[in-house]
Amino acid sequence: MRIEISFESLNGKIILPVHYNFYIQSLIYKIFSPILATKLHNDGFKFEKRSFKFFTFSRILEKGEKVKLKDQDFLIFKNSISFIFSSPKEEIVSDLGEKSIKEREFTLLKNRIYLSKIRVYMTPRLEAPLKIKFLSPVTIHSTIELQDGNKRSIYYKPIEKAFNSLLTQNLIKKFRALYGKDPECTKFEIKPIYFSIKSNFHLIKFKNTPIEAYDGIFELDGSQQLISLSYDTGLGDRNSEGFGLWEIYKGGEIE
């Protein structure tokens, strides 16, 4: 289930760092009811050693003007911003929607904003194979331990075999954590259709952690259950940090 949330500025404009994912996530947690916010932040939904928050969100849908302020890159949005929020748990989406309507006014970094609109999306028919467009870039990685005891994250490109394999394993774990059982079919395939390693690459900092991620147009095939789950939860890692949300690609302009 997903909704689009729109906020307008009480100060005439909204100024955010270029790497704004952390601040949008912080806003979401502030809107959640205290009980849900604490549960998701501290516990989530566990499977083995993993814990899933089971929500994700898009990039800001409006295009901001990039400026440099005090030697840092910022985006200035005129009057309003909006983003899409998604979760397989209806109570999570309902909590966010109801609390945002009740409170109405919030602070996003140093910006005073108020809720102007909520749009509810109907889940589309997801018949494989289907082409998708990422609304927030997808990332997947593995962690290795170095000889000195430190750990290093290895991020994978969509053209590498490990990319598909790790995305599939990640989806299966999410399914088990959510439903307590295995999907009926574990086949899943994602392949780039309109994609460039250079133009679709994004290095996004979450707090001080650099994350390698990619957008573009891809094709999904395989398990209906896994594809449907990925629509609600997002694909790949770090979904609750604003990665991996997609929509059906219907053709037209490719950004």
Side-chain angles (χ1 to χ4, degrees), residues 2 21 25 40 43-58 86-89 92 123 126-146 150-193 195 197 200-204 206 209-249:
R2 59 178 61 178
N21 287 43
Q25 187 201 59
L40 291 178
D43 300 317
F45 298 83
K46 296 184 182 298
F47 175 75
E48 296 177 347
K49 297 181 179 180
R50 296 291 304 274
S51 176
F52 300 102
K53 311 302 182 186
F54 281 135
F55 72 83
T56 188
F57 55 93
S58 71
S86 182
S87 172
K89 304 286 286 184
I92 293 178
T123 302
L126 302 172
E127 296 182 350
L130 75 161
K131 292 183 176 62
I132 69 166
K133 174 183 178 181
F134 278 104
L135 298 172
S136 53
V138 60
T139 182
I140 194 74
H141 77 285
S142 60
T143 302
I144 61 172
E145 187 169 336
L146 304 176
N150 291 321
K151 294 183 178 180
R152 179 187 173 192
S153 294
I154 305 295
Y155 290 92
Y156 296 93
K157 301 176 179 63
I159 59 174
E160 297 178 295
K161 290 183 178 180
F163 183 84
N164 191 103
S165 175
L166 290 173
L167 281 184
T168 303
Q169 294 173 35
N170 178 273
L171 267 179
I172 293 172
K173 290 176 182 178
K174 288 173 181 172
F175 193 94
R176 290 170 177 165
L178 186 62
Y179 299 112
K181 62 181 182 180
D182 289 333
E184 295 174 2
C185 173
T186 58
K187 179 184 177 182
F188 180 81
E189 183 179 8
I190 177 171
K191 58 182 180 181
I193 301 297
F195 174 79
I197 289 292
N200 293 115
F201 171 75
H202 300 272
L203 185 65
I204 297 173
F206 189 88
T209 301
I211 299 166
E212 298 177 16
Y214 297 86
D215 58 16
I217 310 300
F218 293 75
E219 183 178 88
L220 300 186
D221 201 358
S223 167
Q224 183 73 35
Q225 289 178 318
L226 293 182
I227 290 175
S228 295
L229 180 62
S230 75
Y231 178 81
D232 288 326
T233 64
L235 279 166
D237 297 328
R238 301 181 178 272
N239 301 130
S240 66
E241 296 175 7
F243 292 89
L245 182 65
W246 59 265
E247 67 177 0
I248 294 176
Y249 175 64

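Two residues are said to be in side-chain contact when any heavy atoms from C-beta on lie closer than 4.5 Å; Lys131 and Ile193 meet this criterion. Counting heavy atoms from C-beta outward, Lys187 and Thr168 have side chains that stay 4.5 Å or more apart. Put simply, the side chain of Gln25 reaches to within 4.5 Å of the side chain of Ser240, judged on heavy atoms. Side chains of Ile132 and Leu235 form a contact here, defined as non-hydrogen atoms less than 4.5 Å apart. Residues Ile190 and Glu219 have side chains not in contact (no heavy-atom distance under 4.5 Å, counting atoms from C-beta outward). Put simply, the side chain of Ile211 reaches to within 4.5 Å of the side chain of Tyr155, judged on heavy atoms. In this structure, the side chains of Pro129 and Leu220 stay at 4.5 Å or more apart for every pair of heavy atoms.
Although no hydrogens or angles enter the test, the distance criterion places a donor-acceptor pair under 3.5 Å between the side chain of Trp246 and the main chain of Ser230. Counting only distance, with no hydrogens or angles, the side chain of Asn21 and the backbone of Phe206 share no donor-acceptor pair below 3.5 Å. Looking only at distances, a side-chain donor or acceptor of Thr56 sits under 3.5 Å from a matching main-chain atom of Asn239. Using a distance-only test at 3.5 Å, with no hydrogens or angles considered, no donor-acceptor pair links the side chain of Glu189 to the main chain of Gly222. Asp237 places no side-chain N or O within 3.5 Å of a backbone atom of Leu167 that could act as its donor or acceptor partner. At distances below 3.5 Å, not a single donor-acceptor pair connects side-chain atoms of Ser51 with backbone N or O atoms of Lys46. Using a distance-only test at 3.5 Å, with no hydrogens or angles considered, a donor-acceptor pair links the side chain of Ser87 to the main chain of Phe54. Using a distance-only test at 3.5 Å, with no hydrogens or angles considered, a donor-acceptor pair links the side chain of Glu160 to the main chain of Lys157. Judged by distance alone, with hydrogens and angles left aside, the side-chain atoms of Ser58 form no donor-acceptor pair with the main-chain N or O of Ser136 at under 3.5 Å. No side-chain donor-acceptor contact under 3.5 Å links Lys181 to the backbone of Phe175.
Atom CG of Asn200 sits about 9.5 Å away from atom OH of Tyr214, to the nearest 0.5 Å. Rounding to the nearest 0.5 angstrom, the gap separating the CD atom in Gln225 from the CG atom in Leu171 is 11.5 Å. With values rounded to the nearest 0.5 angstrom, Asp221 atom CG is found 6.0 Å from Ile227 atom CD1.
Between Glu145 and Lys151 there is no salt bridge, since no side-chain nitrogen of the basic residue lies less than 4.0 Å from a carboxylate oxygen of the acidic one.
Taking each heavy atom of Thr139 and Ala213 in turn, the nearest pair found is CB-CB, 4.0 Å. Ser153 and His141 make their closest contact through OG-CD2, 3.7 Å (heavy atoms, listed as atom of the first residue, atom of the second, distance). When all heavy atoms are compared, the tightest approach of His202 to Pro137 is CD2-CB, 4.2 Å. The two residues Pro158 and Pro192 have their closest heavy-atom pair at O-CD, 4.0 Å. Pairing each heavy atom of Ile92 with each of Lys53, the nearest pair is CD1-O, 4.1 Å. Smallest separation of non-hydrogen atoms from Ala128 and Gln224: N-OE1, 4.2 Å.
Partner of Arg238 under the side chain to side chain contact (heavy atoms under 4.5 Å, CB included) criterion, chosen from Ile204, Thr209, Val138: Thr209.
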Quiz prompt | Derivation of the side chain to side chain contact (heavy atoms under 4.5 Å, CB included) call for Asn164 and Lys191 | solution = CA-CA 8 Å; Asn164 191 103; Lys191 58 182 180 181; over 6 Å; no
Quiz item: Given Phe52 and Phe45, is the ring pair (Phe, Tyr, Trp, His ring centres under 6.0 Å) satisfied, shown in steps?
Solution: CA-CA 5 Å; Phe52 300 102; Phe45 298 83; 9.1 Å; no
Practice problem: Check the pair Thr143 / Arg152 against side chain to side chain contact (heavy atoms under 4.5 Å, CB included), numbers first and verdict last. | Solution: CA-CA 6 Å; Thr143 302; Arg152 179 187 173 192; over 6 Å; no
Quiz item: Can you list the steps and then say if Ile159 with Phe195 is a side chain to side chain contact (heavy atoms under 4.5 Å, CB included)?
Solution: CA-CA 10 Å; Ile159 59 174; Phe195 174 79; 4.3 Å; yes
Self-check item: Trace of the side chain to side chain contact (heavy atoms under 4.5 Å, CB included) decision for Arg50 with Asn170
Solution: CA-CA 10 Å; Arg50 296 291 304 274; Asn170 178 273; 3.8 Å; yes
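Taking the six-membered ring where tryptophan is involved, the planes of Phe218 and Phe134 are perpendicular, since the angle between them exceeds 60° and thus also 30°. Between Phe55 and Phe57, the angle of the ring planes stays under 30°, which puts this pair in the parallel group of the 30/60° scheme.
Judged by the 6.0 Å distance and 45° axis criteria, Arg2 is positioned over the aromatic ring of Tyr231.
Judged purely by distance below 3.5 Å, without hydrogens or angles, the side chains of Tyr156 and Ser165 never pair a donor atom with an acceptor atom.
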